[in-house]
Amino acid sequence: MYRVSDVMTKQVVYLPAETPLDEAARVMKESDIGDVVVTDGATLAGMLTDRDIVVRAVAERADPSTTTIGAIVTREVVMIEQHCTANEAAALMRERNIRRVLVCDNDRKLVGIVSLGDLAMQLDPNSALSDISEAAPNA
């Protein structure tokens, strides 16, 4: 039985809410990731995905050099404890209709991110989603 800690991405990239969209997109590209955790000072403000940038900013013709990630971030943060099973993470994603979940330890400290692709590679390595996720790590 796989635990969330077995399949999660441990590299978490944090960016302040004041970061312009174009800079956040560059960070995602250079780090080969599809999400960043947004902070407001020492507080977790939410999570921003590459899809958020496209749907909430590019599609609305927002200026990527002046629009901040804080303006479009998903503020509802969904977390799961690292010792939960991969199946529990999949059920949570299905229930909340989301593709990524922040992973915390017993003290609710952020320790990683688990994506639908991470789960697919472990739960069904022969699935088409697994093949896609494997070809594009951390997407």
J.: Can you check side chain to side chain contact (heavy atoms under 4.5 Å, CB included) on Thr74 and Ile98, steps first, answer last?
T.: CA-CA 11 Å; Thr74 299; Ile98 54 178; over 6 Å; no

J.: One pair to check against side chain to side chain contact (heavy atoms under 4.5 Å, CB included): Val111 and Met8. What are the steps and the verdict?
T.: CA-CA 9 Å; Val111 294; Met8 71 183 186; 4.0 Å; yes

J.: Can you find a pair of side-chain heavy atoms, one from Val7 and one from Met121, that are under 4.5 Å apart?
T.: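 No, every pair of side-chain atoms sits at 4.5 Å or beyond.
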
J.: Is there a chain of hydrophobic side chains (I, L, V, M, F, W, Y, each step under 4.5 Å between heavy atoms) that links Val27 to Val12?
T.: no

J.: Any idea which heavy atoms bring Pro16 and Val38 closest together, and the distance?
T.: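 Heavy-atom minimum between the residues: C-CG1, 4.3 Å.
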
J.: Kindly give the heavy-atom pair with the smallest separation between Thr85 and Glu88, and that separation in Å.
T.: N-OE1, 2.7 Å

J.: Counting heavy atoms not belonging to Tyr14, are there more than 12 under 6.0 Å from its OH?
T.: yes

J.: Among residues at least two apart in sequence or on other chains, which ones pass side chain to side chain contact (heavy atoms under 4.5 Å, CB included) with Asn97?
T.: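 If we apply the side chain to side chain contact (heavy atoms under 4.5 Å, CB included) test to Asn97, skipping adjacent residues, there are no hits.
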
J.: Should the pair Arg56-Asp52 be classified as a salt bridge under the 4.0 Å nitrogen-to-oxygen rule?
T.: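 Salt bridge between Arg56 and Asp52, a charged N being under 4.0 Å from a carboxylate O: yes.
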
J.: With no hydrogens and no angle check, is any side-chain donor or acceptor of Asp105 less than 3.5 Å from a backbone partner on Asp107?
T.: yes

J.: Hydrophobic clusters here meaning ILVMFWY residues chained together by side-chain heavy-atom distances under 4.5 Å, can you tell me if Val114 and Val77 are in one?
T.: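 Unlinked, Val114 and Val77 end up in two clusters.
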
J.: Just to verify, what does Glu76 make a salt bridge (charged side-chain N to carboxylate O under 4.0 Å, His left out) with, not counting sequence neighbours?
T.: Arg96

J.: Is any side-chain heavy atom of Ile113 less than 4.5 Å from a side-chain heavy atom of Met47?
T.: yes

J.: Should we say atom CZ of Arg99 is surrounded by more than 12 heavy atoms from elsewhere, each under 6.0 Å from it?
T.: no

J.: Side chain to side chain contact (heavy atoms under 4.5 Å, CB included), that's the test. Do Met93 and Leu119 meet it? Break it down for me.
T.: CA-CA 10 Å; Met93 287 180 191; Leu119 295 175; 3.7 Å; yes

J.: Evaluate the side chain to side chain contact (heavy atoms under 4.5 Å, CB included) criterion for residues Val36 and Met28: first the C-alpha distance (whole Å), next the side-chain angles of each, then the deciding distance (0.1 Å), finally the verdict.
T.: CA-CA 7 Å; Val36 295; Met28 288 183 190; 4.0 Å; yes

J.: Would you give the length of the straight line joining atom NZ of Lys29 to atom CG of Asp50, rounded to the nearest 0.5 angstrom?
T.: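 Output value for this atom pair is 13.5 Å.
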
J.: With distance as the sole test, does Glu81 use its side chain to make a donor-acceptor pair with the main-chain N or O of His83 at under 3.5 Å?
T.: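 Checking the backbone N and O of His83 against the side chain of Glu81, a donor-acceptor pair under 3.5 Å is found.
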
J.: Are any side-chain N or O atoms of Arg100 and backbone N or O atoms of Ser115, one a donor and one an acceptor, separated by less than 3.5 Å?
T.: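 The answer is no, because no donor-acceptor pair under 3.5 Å joins these two groups.
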
J.: For residues Ala62 and Thr67, report the shortest heavy-atom separation together with the two atoms involved.
T.: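 Result for this residue pair: CB-OG1, 3.5 Å.
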
J.: Would you say the side chain of Leu15 lies within less than 4.5 Å of the side chain of Leu48, judging by non-hydrogen atoms?
T.: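 Counting from C-beta outward, Leu48 and Leu15 never come under 4.5 Å.
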
J.: Of all the heavy-atom pairs spanning Ala57 and Ile72, show the shortest one and how long it is.
T.: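 What the structure gives for the nearest pair is CB-CD1, 4.2 Å.
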
J.: Might you point out which heavy atoms bring Ile69 and Pro20 nearest each other, and give the distance in Å?
T.: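 Taking every non-hydrogen atom into account, CG2-O, 4.2 Å.
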
J.: Compare every heavy atom of Leu110 with every heavy atom of Gly112, then report the nearest pair and how far apart it is.
T.: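 That would be O-CD1, 3.6 Å.
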
J.: As a test of understanding, state which of Val78, Val37, Asp35 forms a side chain to side chain contact (heavy atoms under 4.5 Å, CB included) with Leu102.
T.: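 Looking at Val78, Val37, Asp35, the match for Leu102 under the side chain to side chain contact (heavy atoms under 4.5 Å, CB included) is Val37.
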
